[in-house]
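Reading through the structure tokens given below for one structure.
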Amino acid sequence: MPAWCSGRKGRSRGVTANATARADILDELRREGPLPARSLHDTCDLPWRSTGWTDGKNVMKMLEIMEARGEVAVASREGRELADERD
């Protein structure tokens, strides 16, 4: 299993490995305001791997971790889509 999906320490390593992508997401949200997750650019260096439907959902998984850390918040939901914003 890749480093960034194997428990709390793994998530921390994943965020560290994808620090540039995290900063890119924050910059984009600051610049543009709330956006649907699918509108954010994927610049992850270490891809999210799973055997389920989340495989390759790098931005979505990074946003989930960032939300749990209090770095972003969900501004609204449109169907299954999330619009995230910097808190």
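Because only heavy atoms are used, hydrogens play no part in the values below, and waters and symmetry mates are left out as well, while side chains stay in.
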Side chain to side chain contact (heavy atoms under 4.5 Å, CB included) between I65 and E71: does it pass, once the steps are laid out? CA-CA 9 Å; I65 292 167; E71 297 173 335; over 6 Å; no
T54 meets the side chain to side chain donor-acceptor pair (under 3.5 Å) criterion, sequence neighbours left out, with W48, S50
Could you tell me which non-hydrogen atom of A17 sits nearest to which non-hydrogen atom of L46, and how far apart they are? CB-CD2, 3.9 Å
Kindly say whether D45 contributes a backbone atom to a donor-acceptor pair with the side chain of N18 at under 3.5 angstrom? yes
Can you name the residues that form a salt bridge (Lys or Arg N to Asp or Glu O under 4.0 Å) with D27, not counting sequence neighbours? R30
In chain order, what residues pass the side chain to side chain contact (heavy atoms under 4.5 Å, CB included) check against S39, with sequence neighbours excluded? L35, P36
If you measure from OG1 on T20 to CD1 on I25, what distance do you get to the nearest 0.5 Å? 11.0 Å
If you round to the nearest 0.5 Å, how far is OG1 of T43 from CE of M62? 8.0 Å
Closest approach of A37 and V59, non-hydrogen atoms and distance? O-CG1, 3.8 Å
Can you check side chain to side chain contact (heavy atoms under 4.5 Å, CB included) on D24 and L40, steps first, answer last? CA-CA 9 Å; D24 291 345; L40 296 166; over 6 Å; no
